[in-house]
Student: 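Encoded as structure tokens, here's the structure I'll be asking about.
We use all heavy atoms of the structure for the numbers below, so side chains are in, but hydrogens, waters and symmetry mates are not.
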Amino acid sequence: MTTPRRAPRPTDPVTHAEVLVVGGGNAGISLAAKLLRDGAQDVVVLEPSPVHRYRPLLNYVGSGQATPADVERPMASVVPDGCRWVQDAVASVDAETRTVRTRRGTSIGYTTLVLCPGMREDWAATPGLQDAYSSGWAGSTYVPSSAPLVWPALTGITSGPVVFSMPPEPAPCAPTALKPLFMACDHWRRRGVLADLDVTLVIPEEQALGVVGADEHLEVAFASYGITVLRRSRVQAVDPVLRAVDIATPAGTRRVDDVAYAHLVPHYRAPEWITESGLGDAGPAGLVDVDPATLRHERFGDVWAIGDAASIGTRSSGGALRKQVPVVAHNIAAAARGRRLRSYDGYTVMPVTTARDRLMLVQADRKGPRPLKLPDPFAPRRAAWLLDRYVLPQTYWHRLLRGKV
């Protein structure tokens, strides 16, 4: 019997990697495991956090249906056997010399570099928002430290204005910001206090999803809960002292005063070292400039990117990685052998609850919707909620993170 190779301690010294994967989230760990399964001999993951999170469950933490313990695992427990882990962060990349400089001052050379560092909250884009989080009357399920505080705050409200927002793109699966909204509204209606609340939703586009067939169901849900939807709008600023939210709308700035609670998702951008290293695209969020089909960098053929920080032209999501990971794993090997590369079709998935036990499972690619083969495929279903809340997390821990995609 072959003895399994152990995942190394993060202190093991590393100076070079055949494949250097930046980021230890869903994208990085899933890809590292897939590469090893496909026969790669030297894979290194560069990730500073000692904790790995299944981020989709944060929405359920913020809706009272999960706990932080359901979301988190020690990073060492998910790093694949045979993969070296460097517990450090990127300071810069020199793509010309194929070198990554870490914040601890180490230089790591690579043959192939895959960037999947995710995105970061851009607090500066919404003045006052971070202070409102600290004050306790604002928060969101997107921020791990805030997610456990959301549900106690929402359930304590019985009257007054409440504001929810969807972040503008790019963002980590922005439509899932609707989950806390609908689950809170369902809770308030069951308690008999929904009529005493003034619920406002801020969305950046005319429709929440932009998927024909799915948005119609959301419009019905908005109306049934009495939600005021401000379209083509963004949260412009927050007054943390006066508990006020300024919203930029097509008709001008609209101010909501004396807010009981605001579930406001920050704007997002890629880590700044991507742009500073000459790897970013021309967009303000500084995403990695890759070919949206092959996921290979437009200027550096030995650099690839997947996940939230990749400029792929579609909504990012954890479900999208099921398609991106095998494409990049194949393409890295194919490029080394001069063979034909595969294409990623832009597949993504948007799971949106419309009640505490009903969910719409919306799938799409660059050609449009990819509905399930069911009558009224986007209709909210209890089975879809059970899948999203209980089945997919187990699939994630036991299959996706082990490269079985």
Side-chain angles (χ1 to χ4, degrees), residues 54-68 70-71 139-143 146-148 150-155 157 162-167 171-191 193-194 197 199-203 207-211 213-227 229 261 263-265 315-320 348-364 369 371-372 374 376-396:
Y54 177 53
R55 295 186 66 91
L57 270 186
L58 288 173
N59 286 301
Y60 289 106
V61 171
S63 303
Q65 294 185 346
T67 69
D70 298 321
V71 175
S140 87
T141 56
Y142 275 58
V143 179
S146 177
V150 170
W151 192 241
L154 291 174
T155 54
I157 298 170
V162 187
V163 182
F164 290 80
S165 74
M166 278 181 61
C173 201
T176 60
L178 298 174
K179 285 182 172 179
L181 163 72
F182 285 126
M183 288 194 273
C185 285
D186 188 15
H187 169 81
W188 290 325
R189 184 159 62 187
R190 295 182 191 201
R191 286 190 60 196
V193 300
L194 182 59
L197 293 163
V199 182
T200 299
L201 170 65
V202 182
I203 62 175
Q207 302 293 330
L209 302 184
V211 177
D215 280 307
E216 286 77 359
H217 283 288
L218 288 182
E219 294 299 325
V220 171
F222 294 148
S224 72
Y225 291 118
I227 299 168
V229 182
Y261 191 78
H263 185 276
L264 304 180
V265 181
R315 290 189 187 273
S316 68
S317 71
T348 192
V349 59
M350 297 166 274
V352 180
T353 54
T354 57
R356 294 193 63 73
D357 59 356
R358 294 289 184 276
L359 180 135
M360 300 166 50
L361 193 60
V362 182
Q363 301 177 91
L372 299 171
L374 294 170
D376 198 1
F378 297 124
R381 290 178 169 84
R382 178 174 172 80
W385 169 76
L386 289 168
L387 174 72
D388 189 56
R389 171 58 189 90
Y390 294 105
V391 178
L392 292 183
Q394 296 305 310
T395 302
Y396 178 82

Student: Going from CZ on Arg382 to CG on Leu387, what distance comes out if it is rounded to the nearest 0.5 angstrom?
Tutor: 13.0 Å
Student: Where do Ala364 and Met350 come nearest, in terms of heavy atoms and distance?
Tutor: CB-CE, 4.4 Å
Student: Tell me, do Pro180 and Asn59 make a side-chain contact under 4.5 Å, heavy atoms counted?
Tutor: yes
Student: I need the Gln363 CD to Ser317 OG distance, nearest 0.5 Å.
Tutor: 9.5 Å
Student: Taking all non-hydrogen atoms of both residues into account, name the closest pair between Pro369 and Phe378 and its distance.
Tutor: CB-CZ, 3.9 Å
Student: Report yes if some heavy atom in the side chain of Pro351 is under 4.5 Å from a heavy atom in the side chain of Thr176; otherwise report no.
Tutor: yes
Student: So which atom in Phe182 and which in Thr353 form the shortest heavy-atom distance, rounded to 0.1 Å?
Tutor: CD1-O, 2.9 Å
Student: What are the two closest non-hydrogen atoms of Arg55 and Tyr142, and how far apart are they?
Tutor: NH2-O, 2.6 Å
Student: OH/Tyr261 to OG1/Thr155 distance, rounded to the nearest 0.5 angstrom?
Tutor: 10.5 Å
Student: Please find the pair of heavy atoms, one from Asp357 and one from Arg190, that lie closest to each other, and give the distance.
Tutor: OD1-NH2, 4.1 Å
Student: Any side-chain to backbone donor/acceptor pair from Arg189 onto Ser224? Under 3.5 Å, distance only.
Tutor: yes
Student: With a 4.5 Å limit on heavy-atom distance, are the side chains of Val362 and Val352 in contact?
Tutor: no
Student: Of Asp70, Thr141, Asp388, which meets side chain to side chain donor-acceptor pair (under 3.5 Å) against Tyr60?
Tutor: Asp388
Student: Can you measure from CG (Leu154) to CE (Met183) and round to the nearest 0.5 angstrom?
Tutor: 10.5 Å
Student: Between Val162 and Trp188, is the side-chain contact (heavy atoms from CB on, under 4.5 Å) condition met? List the steps.
Tutor: CA-CA 12 Å; Val162 187; Trp188 290 325; 4.0 Å; yes
Student: Could you pull out the closest heavy-atom pair between Met360 and Pro380, with the gap in Å?
Tutor: CG-CG, 3.6 Å
Student: Test side-chain contact (heavy atoms from CB on, under 4.5 Å) on Val220 and Thr354 and set out the steps.
Tutor: CA-CA 10 Å; Val220 171; Thr354 57; over 6 Å; no
Student: My understanding is that only residues two or more places apart in sequence, or in another chain, count here; which of them pass side-chain contact (heavy atoms from CB on, under 4.5 Å) with Pro56?
Tutor: Tyr54
Student: Once you round to the nearest 0.5 Å, how far does NE2 of His187 lie from CG of Leu194?
Tutor: 10.5 Å
Student: How long is the span from the CD1 atom in Ile203 to the CZ atom in Phe164, to the nearest 0.5 Å?
Tutor: 14.5 Å
Student: Are any side-chain N or O atoms of Arg356 and backbone N or O atoms of Ser63, one a donor and one an acceptor, separated by less than 3.5 Å?
Tutor: yes
Student: Before giving the answer on side-chain contact (heavy atoms from CB on, under 4.5 Å), spell out for Leu181 and Val199 the whole-Å C-alpha distance, their side-chain angles and the decisive distance to 0.1 Å.
Tutor: CA-CA 9 Å; Leu181 163 72; Val199 182; 3.8 Å; yes
Student: Would Val391 and Leu386 count as a side-chain contact (heavy atoms from CB on, under 4.5 Å) if you check the C-alpha gap in whole Å, the side-chain angles of each, and the deciding distance to 0.1 Å?
Tutor: CA-CA 7 Å; Val391 178; Leu386 289 168; 5.8 Å; no
